[in-house]
Amino acid sequence: MRVADLPLAPEYVEHFEREGIAELYPPQVAAVEAGVCDGDNVVAAVPTASGKTFVAELALLTADGPGLYVCPLRALAREKYEEFDALPGVDAGISTGDYDSAASDLAANDVIVATSEKVDSAIRNGAGWVDDLACVVVDEVHLLGSPGRGPTLEVTLATLRRRAPEVQIVALSATVDNPEDIAAWLDAELVESTWRPVDLRVGVHAEGTVEFDDGSSLSVPVDAGDPASDADTEATAELVRGAVADGGQALAFVASRREAERLAERLSEERLPAVADGVDRGGDGDGGDEGDGDAVDNRETAAVEVAAELREAGGTETGDRLAETAERGVAFHHAGLSSDHRALVERSFRDRKLSVICATPTLAAGVNVPARRVVVRDQRRYTGEGTEWLPVLEVHQMCGRAGRPHLDPYGEAVLVADDREEREGLWDRYVTADPERVESKLRDPAALRTHTLALVATGIAGSQTEVLDALGGTFYASRTSNPNLGGVVGDAIASLIDDGLLAPTDAGDDAGIEATPLGEQVSRQYVTPDTGVRIVEGLEAVAGMDPETVTELTAFEIVCDTPDMVDTYLGNAERAEIYQFARTRSAELTTGMTEAEDFEGWLESVKTARVLTEWVDGASVEELVAAYRIGPGDLESRIERAEWLLGAADAIAEVVGVDMPAFASARKRLVSSTEEEDT
DNA sequence: TGCTTTGGCCTGTAGACAGCATGTC
DNA sequence: CTACAGGCCAAAGCA
């Protein structure tokens, strides 16, 4: 099937042909046959990089009205927005927490790109564009199974379909075990395929040999030279070296940030391309010695450019080390990096200016960074309940990053094992195993509290029966003949009434409920009910405090102690000092040292509050990062959240009727400190 | 005695969505 | 019932 055969306007056909898309990939053909261009609902469970974006574009361009593209990450939203906006005659808009497109009138856009939470929030705040949609594309729909965010996605989709029953739904999923269940929920045709544009072989390394799933094998010379590093790291380094020597790029996945940095530093010391050539250039020999010297030189020049860009983007200790490794073509990547550095690393790798990225598992879920070879050194990860095996789905996503269409002849993914015995284990667990099933997490009490409140606050439901009715359209309900959510929803309603977020209506016959002004504000501000409750408690404490002692620190402490703030690790070495700080400033805090039910957690929030206080008082990123042992990216995320939560707290203070100007002033100072930093 | 190896204990650990309303070079 | 690797320090090993 060719692009020209599709029911597309000529300018689109021309556009796609210019982009090199002439012939459709098999999964795309299947999607067309399933009806993506005819307004039919389709679920496509296909590997990453098998042309999902094009399927999305087909649905959006052939839909009879405006379309919405929902995805899980802001960085992905940005990427798709730019892609859609480049389509001829398409006016695209974007709406995420950190970025709204300049044309704020989303109702006028042909395509809107948004994160799932932003869509949920838009519904809660009565955004007009929600009702006019003809088509909704949901990317990474398997996230339905994610405990934190899955319920939001399913409730949001249920609400969208309820409001516009005719809306076309196109859901794109990674390969999962039960895509048919998702398709059944959405009344969609299922398209399933494992086809990829580049061949991929997956293997497991043990004791110097990689055995691949296609029966081939590869021997990896074990360099026993460096006793300082273990066998897994040696094998990883050698596999990376091999890919680079071959003119390819490599991704190496490890479990922690520190390991990612260590591996990158180690690899960068080797002068990869030169070593890979088998030529020991020692310290001097810059003279052109081989025929492929040019390629190496170009790569080196490009890497030096990247390092310069990284240095320009902001100097911290982490950033300097990153620039140093990048200079030799190797970068590390994790969430502790500033967002500028992260984006730069991703982009430079995509532009082939870097040879290697050593990363924590997140890189697999983020923006598109394909490589010739992927090496998964660590398959476990710390989770708070000890180290756990990574989900099969996640490892498959890492492996799926191997192989760049048109650039690599094939992709290779290698899991590194300790010994032969473990090779068997990894083989069974990841190579031959099916990915996990996707199951709804809506039954979780916290999720139900959030969404019950939202349904009532937006006027969708006015009683327990109506809440259950609204939830009838969720993935959860479709998965069971007897949802039996009644009891759990009843509990959620009772607890929300208890917290003053809902109230029984006067009519009182059918157990009618409505949101209190507080509940309405909590829902609109998009904070969880528990956060709302914590803010109210804080305000009650403030009302009893001497106004002189209500400061910005008070405001920061309240919002940092809510569940919507990320917690900050409190090291043993600094615990005493933070404790001391809390004691000397106790008059400004809403929680007494003895009354915190979770003392450790509270002390962590005091640490976060202290960091933010110093930030607004003019401390630099560099100083804070050094003093509190957090990454620049961690500081960014806390500032961003504090900004949001202080705004929410300010709105809640007004509803509750407590005068707390510190919320607004702290927020204003945060915003201006951030702007100052930018200049 | 001095240098190296071994053993045991302590420490630290992945990631990232969301509000709202204006003034601005 | 549930981790575990890396770093540090001190004690033991060795010439």
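Chain letters run A, B, ... following the sequence lines, proteins first, then strands; residues in each count from 1.
- Within the 4.0 angstrom heavy-atom criterion, base atoms lie near A:Val566.
- Salt bridge annotation for A:Glu261-A:Arg257: absent, with no cationic side-chain nitrogen under 4.0 angstrom from a carboxylate oxygen.
- The CZ atom of A:Arg377 sits 15 Å away from the C1' atom of B:dA14 (whole-angstrom rounding).
- Atoms CD1 (A:Ile630) and P (B:dA16) sit 16 Å apart, rounded to a whole Å.
- Between A:Ser256 and B:dT13 there is no side-chain polar atom (N or O) within less than 4.0 angstrom of OP1 or OP2.
- The separation between A:Glu600 atom CD and B:dT11 atom P is 13 Å, rounded to whole Å.
- Between the side chains of A:Thr562 and A:Asp564, not a single donor N or O lies within less than 3.5 Å of an accepting N or O.
- When heavy atoms are screened at a 4.0 angstrom cut-off, A:Thr96 is found touching the sugar-phosphate backbone but no base atom.
- Two residues, A:Arg342 and A:Ser121, neighbour DNA chain B, and the one matched to the more 5' nucleotide by heavy-atom proximity is A:Arg342.
- Counting only heavy atoms from C-beta on, A:Thr360 has its side chain closest to B:dG15 among B:dC20, B:dG15, B:dT13.
- Within the nucleic acid shown, A:Ala651 has no heavy atom closer than 4.0 Å to any nucleic acid atom.
- By the 6.0 Å and 45° rule, A:Arg377 does not stack over the aromatic ring of A:Phe253.
- Rounded to whole angstrom, the span from the NZ atom of A:Lys668 across to the P atom of B:dT22 amounts to 13 Å.
- Between the NE2 atom of A:His334 and the P atom of B:dA16 there is a distance of 12 Å, rounded to whole Å.
- Of the candidate nucleotides B:dA18, B:dC20, B:dA16, B:dA18 has the atom nearest to the side chain of A:Thr115.
- As rounded to whole Å, 12 Å separates atom C1' of B:dG15 from atom NE2 of A:His333.
- The main-chain N or O of A:Gly145 is found under 3.5 Å from a side-chain atom of A:Lys441 such that the two form a donor-acceptor pair.
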Reading DNA chain B 5' to 3', what string of ( ), [ ], | and . shows its pairs, if Watson-Crick and G-U wobble pairs count only when both distances fall under 3.5 Å?
|||||||||||||............

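- By the 5.5 Å and 30° criteria, A:Trp644 is stacked with the base of B:dA18.
- Nucleic acid contact class of A:Asp120 (heavy atoms, under 4.0 Å, all strands): none.
- In terms of modelled atom types and a separation under 3.5 Å, the side chain of A:Ser672 and the main chain of A:Lys668 share a donor-acceptor contact.
- Here A:Glu643 lies in heavy-atom contact (under 4.0 Å) with a base.
- Ion pairing of A:Glu552 with A:Arg669 is present here, as a side-chain N (NZ or NE/NH1/NH2) and a carboxylate O approach within less than 4.0 Å.
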Contacts under 3.5 Å, N or O only, protein and nucleotides 7-10 of chain C:
unit_1, atom_1, unit_2, atom_2, d
C:dG7, OP1, A:Arg262, NH1, 3.3

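- Residue A:Gly647 is in base contact, counting any heavy-atom pair closer than 4.0 Å across all strands shown.
- A salt bridge links A:Arg534 to A:Asp561: one of the charged nitrogens lies within less than 4.0 Å of a carboxylate oxygen.
- Taking a 4.0 Å limit (strictly below) on heavy-atom distances, residues 655-664 of chain A does not reach DNA chain C anywhere.
- Counting non-hydrogen atoms under 4.0 angstrom, A:Gly571 reaches the backbone sugars and phosphates but no base.
- Note on A:Arg74: a side-chain N or O is less than 4.0 Å away from OP1 or OP2 of B:dA18.
- When heavy atoms are screened at a 4.0 angstrom cut-off, A:Ala335 is found touching the sugar-phosphate backbone but no base atom.
- Nucleotide B:dC20 holds its P atom 16 Å from the CD atom of A:Glu640, rounded to whole Å.
- Of the listed nucleotides (B:dG12, B:dA16, B:dG15), B:dG15 has the atom at the smallest distance from the side chain of A:Thr362.
- Across all strands, A:Arg629 comes closer than 4.0 Å only to sugar-phosphate atoms, never to a base (heavy-atom distances).
- Residue A:Ser637 is out of contact with every strand shown, counting any heavy-atom pair closer than 4.0 Å.
- Remark: A:Glu636 does not engage A:Arg641 in a salt bridge, criterion side-chain N to carboxylate O under 4.0 Å.
- Electrostatic pairing of A:Asp530 and A:Arg449 counts as a salt bridge here, judged by a charged N lying under 4.0 Å from a carboxylate O.
- At a threshold of 4.0 angstrom between heavy atoms, the contacts of A:Leu645 with the nucleic acid are absent.
- For B:dC10, neither phosphate oxygen OP1 nor OP2 lies less than 4.0 angstrom from any side-chain nitrogen or oxygen of A:Asn572.
- Of the residues near DNA chain B, A:Arg638 and A:Ala122, the one whose nearest nucleotide (by heavy atom distance) lies more toward the 5' end is A:Arg638.
- Side-chain contact, A:Thr387 with A:Arg381: no donor N or O sits under 3.5 Å from an acceptor N or O.
- Ion pair A:Arg610/A:Glu557 not flagged as a salt bridge, since none of the NZ, NE, NH1 or NH2 atoms sits closer than 4.0 Å to an Asp/Glu carboxylate oxygen.
- Atom pair A:Phe332:CZ and B:dG15:P shows a separation of 13 Å (rounding to whole Å applied).
- Here the separation of C:dT2 from B:dG15, taken at their P atoms, is 26 Å to the nearest Å.
- When the C1' atom is used for both B:dA14 and C:dC4, the distance is 16 Å, rounded to whole Å.
- In this structure, A:Arg257 reaches the sugar-phosphate backbone alone: every heavy-atom distance under 4.0 Å involves primed, P, OP1 or OP2 atoms, never a base.
- Using cut-offs of 30° and 60° for the angle between ring planes, the A:Phe332 and A:His334 rings count as parallel.
- Distance alone, capped at 3.5 Å, is enough to place a donor-acceptor pair between the A:Glu422 side chain and the A:Asp418 backbone.
- Using a 4.0 Å cut-off between a side-chain N of Lys or Arg and a carboxylate O of Asp or Glu, A:Arg262 and A:Glu259 qualify as a salt bridge.
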